[in-house]
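Quantities reported herein were computed from a predicted structural model and do not represent experimental measurements.
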Amino acid sequence: MNISSDTQTAEAPAYKYNADDNLMHEWALNFTSRIGDGTGDHEAAYLDMLNLLIELKRDGSLLDIGGGLGRVTAIARGKIAEIVVLEPDVERFQHCYHTFHDAPTTQVLNQLSSTYIHENPEKQFDLIVLGMVIQHISTNATANIIKDAARLVKPDGVVIISTTLVPECAKGFSYSDVPHKAYVSKSEFDRYAENSLVQDKGIPVRRFTEAELRSVVESDFDILQWTQFSYYRPERIRWFTKIYKTRVNDLQDVGNSQFVVLRRRS
C-alpha cells in the first residue's frame, strides 16, 4: 500500500488494536440515550457536546488522539479549519488515511501523541479529543497521554475525554474476550495492556468510576463539565447485574459511559 511519507514517523509505533469493530457495534445495542428508555443513539449526549465544541472552535484546530477509523474526523470535517488525527494501529490508520487525509486541512498520522510532540514541539490545538481510548491502555500510558494532551492544548483550548463508567461496586480491570466477571489485578492489566502485539484475550478494558476519571485528570486540568451517557436498556439491566455481580438499583440510573470537558491548569 503506497502511503505518502508525510503520514508516518520514521519508526512506526508497535501497536495493534485487538478488537472486532462489528462486535463493538453489537455491544452498543445494549445501551440507549436515556434512563429507562429503549430508543435513541446511546452516545447522543457525548456527540451533542462534541458538535458544540467543534462549532465553538470552528476557526481553529482539532487533534484526535487515537482516531481509529475516523469517526470524529467524519463529524468535524468541513466544520473546523484544521484536523490532525493520530492513530498508532497501522490498519486503522491506513483506513482513516485513505478516507480522510487531505493535507493541509486534514492530516492523518500513524503516530503516538508523544512522537507528535517530539516532531512538532511548538504545535498546540484549540480542541483535543480522546474518545474511548484511556480504558484500553495501561494506567501508566493513561497518565502519559493526559499529560500529552495538556502539553498540546492551547491555553484557551479545551479537551474532551470519554471513557467507561461503572458504580464503585463494579470497577476493575478485565479483557474483552473473556467473561467480564473475570477481573484481574492492576499489575496484570498493565502488563497485558503494554504489549498489544501479543494480546490473546482481546483488548484490555478498564471500568472507570466517576471518581477515578476525575483523579486521573485533575493534576493537569480543571474540569469544566462532567456528564454520564449511554444508559443500559431496561431489558438488559439484569444481564449486566450478573456480569458485574451487582443489583438492579446499582445500574438503572447510571450511565455506561462518561465524558469530561477540561481546561488546562495554568
Side-chain angles (χ1 to χ4, degrees), residues 31 33-35 42-54 56-57 62-66 72 113-114 124-174 180 183-187 189-190 193-194 203-232 240 244 246-247 249-266:
F31 309 105
S33 61
R34 295 181 293 177
I35 295 173
H42 71 112
E43 294 185 300
Y46 168 66
L47 296 175
D48 285 349
M49 176 56 70
L50 182 59
N51 276 296
L52 174 61
L53 295 176
I54 290 168
L56 291 173
K57 301 296 184 180
L62 181 154
L63 174 66
D64 186 12
I65 301 177
V72 170
S113 54
S114 56
Q124 291 185 309
F125 295 84
D126 297 284
L127 172 60
I128 295 178
V129 180
L130 259 170
M132 304 307 285
V133 169
I134 62 173
Q135 71 268 25
H136 299 314
I137 59 178
S138 71
T139 57
N140 287 333
T142 293
N144 290 335
I145 205 170
I146 288 171
K147 289 188 180 300
D148 287 349
R151 168 66 183 80
L152 286 161
V153 69
K154 292 181 179 180
D156 60 346
V158 292
V159 177
I160 181 169
I161 300 176
S162 61
T163 190
T164 54
L165 174 65
V166 291
E168 184 73 22
C169 58
K171 70 178 182 179
F173 304 93
S174 64
H180 294 290
Y183 284 79
V184 299
S185 68
K186 174 178 174 291
S187 59
F189 174 87
D190 282 341
E194 287 169 0
I203 52 176
V205 180
R206 180 179 180 182
R207 292 184 175 80
F208 280 90
T209 64
E210 177 187 348
E212 285 176 324
L213 177 58
R214 288 179 178 272
S215 71
V216 300
V217 302
E218 63 187 4
S219 63
D220 297 288
F221 294 99
D222 291 318
I223 297 175
L224 301 178
Q225 180 173 338
W226 174 89
T227 301
Q228 64 177 353
F229 66 101
S230 184
Y231 301 96
Y232 301 94
F240 278 99
Y244 299 149
T246 58
R247 302 167 301 172
N249 288 345
D250 294 323
L251 299 181
Q252 64 184 5
D253 295 329
V254 178
N256 173 257
S257 301
Q258 59 183 321
F259 70 80
V260 283
V261 180
L262 307 170
R263 177 177 56 203
R264 188 181 72 190
R265 285 190 173 170
S266 57

Quick note, salt bridge (Lys or Arg N to Asp or Glu O under 4.0 Å) partners involving residues 130-139, not counting sequence neighbours, are none
Which residues pass the salt bridge (charged side-chain N to carboxylate O under 4.0 Å, His left out) test with Asp222, not counting sequence neighbours? Arg265
Heavy atoms only: give me the nearest Phe189-Val205 pair and the separation to one decimal. CE1-N, 3.5 Å
Inter-residue atom distance Phe208.CZ - Leu165.CG, 0.5 Å rounding: 11.0 Å
Scan the side chains in residues 125-134 for donor-acceptor partners under 3.5 Å anywhere in the protein, sequence neighbours excluded, and list what turns up.
from	atom 1	to	atom 2	distance (Å)
Asp126	OD2	Ser61	N	2.8
Asp126	OD2	Ser61	OG	3.2
Asp126	OD2	Lys154	NZ	3.3

Sorted by chain and number, sequence neighbours left out, ring-ring contact (aromatic ring centres under 6.0 Å, His included) with Tyr231 holds for none
Between Val217 and Val159, does the side-chain contact (heavy atoms from CB on, under 4.5 Å) criterion hold? Intermediate values first, please. CA-CA 11 Å; Val217 302; Val159 177; over 6 Å; no
For Arg214, all residues meeting side chain to side chain contact (heavy atoms under 4.5 Å, CB included), sequence neighbours excluded: Glu210, Ile223, Trp226
Ser257/Glu43 under side-chain contact (heavy atoms from CB on, under 4.5 Å): CA gap, chis, key distance, verdict: CA-CA 9 Å; Ser257 301; Glu43 294 185 300; over 6 Å; no
Mind listing the closest non-hydrogen atom pair of Ile137 and Ala193 along with its distance? C-CB, 4.0 Å
Can you label the angle between the Tyr232 ring and the Tyr244 ring as parallel, tilted or perpendicular, going by 30° and 60°? perpendicular
Could you list the residues that satisfy side-chain hydrogen bond (donor to acceptor under 3.5 Å, both in side chains) with Thr227, not counting sequence neighbours? Gln225
Under the side chain to side chain contact (heavy atoms under 4.5 Å, CB included) test, which residues partner Asn140, sequence neighbours left out? Ser138, Glu194
Tightest non-hydrogen contact, residues Ala170 and Arg207, listed as O-CD, 4.0 Å
Got a donor-acceptor contact below 3.5 angstrom from the Tyr183 side chain to the Lys171 backbone? no
Would you check, one step at a time, whether the test side-chain contact (heavy atoms from CB on, under 4.5 Å) holds for Phe221 with Val153? CA-CA 11 Å; Phe221 294 99; Val153 69; 4.3 Å; yes
Any residue meeting side chain to side chain contact (heavy atoms under 4.5 Å, CB included) with Ser266, in chain and number order, not counting sequence neighbours: none
Using the test side chain to side chain contact (heavy atoms under 4.5 Å, CB included), find all partners of Asp220 that sit at least two apart in sequence or belong to another chain. Ile146, Lys147, Ala150
Hey, could you give me the CG/CD1 distance between Asp148 and Ile65, rounded to the nearest 0.5 Å? 6.5 Å
Straight-line distance of Leu52 CG to Lys57 NZ, nearest 0.5 Å: 11.0 Å
Hits for side-chain hydrogen bond (donor to acceptor under 3.5 Å, both in side chains) against Gln228, two or more places apart or cross-chain, chain-then-number order -> none
With sequence neighbours left out, what residues match Asn249 under side-chain hydrogen bond (donor to acceptor under 3.5 Å, both in side chains)? Gln252
Decide whether Asp190 and Thr139 meet the rule of one side-chain donor and one side-chain acceptor closer than 3.5 Å. yes
Who are the side-chain hydrogen bond (donor to acceptor under 3.5 Å, both in side chains) partners of Asp48, not counting sequence neighbours? none
Looking at Gln135, Arg206, Gln258, which one forms a side-chain hydrogen bond (donor to acceptor under 3.5 Å, both in side chains) with Thr163? Gln135
Is it true that a side-chain atom of His136 and a backbone atom of Pro204 form a donor plus acceptor pair closer than 3.5 Å? yes
Could you grab the distance from atom CZ of Phe31 to atom CZ of Phe229, nearest 0.5 Å is fine? 10.5 Å
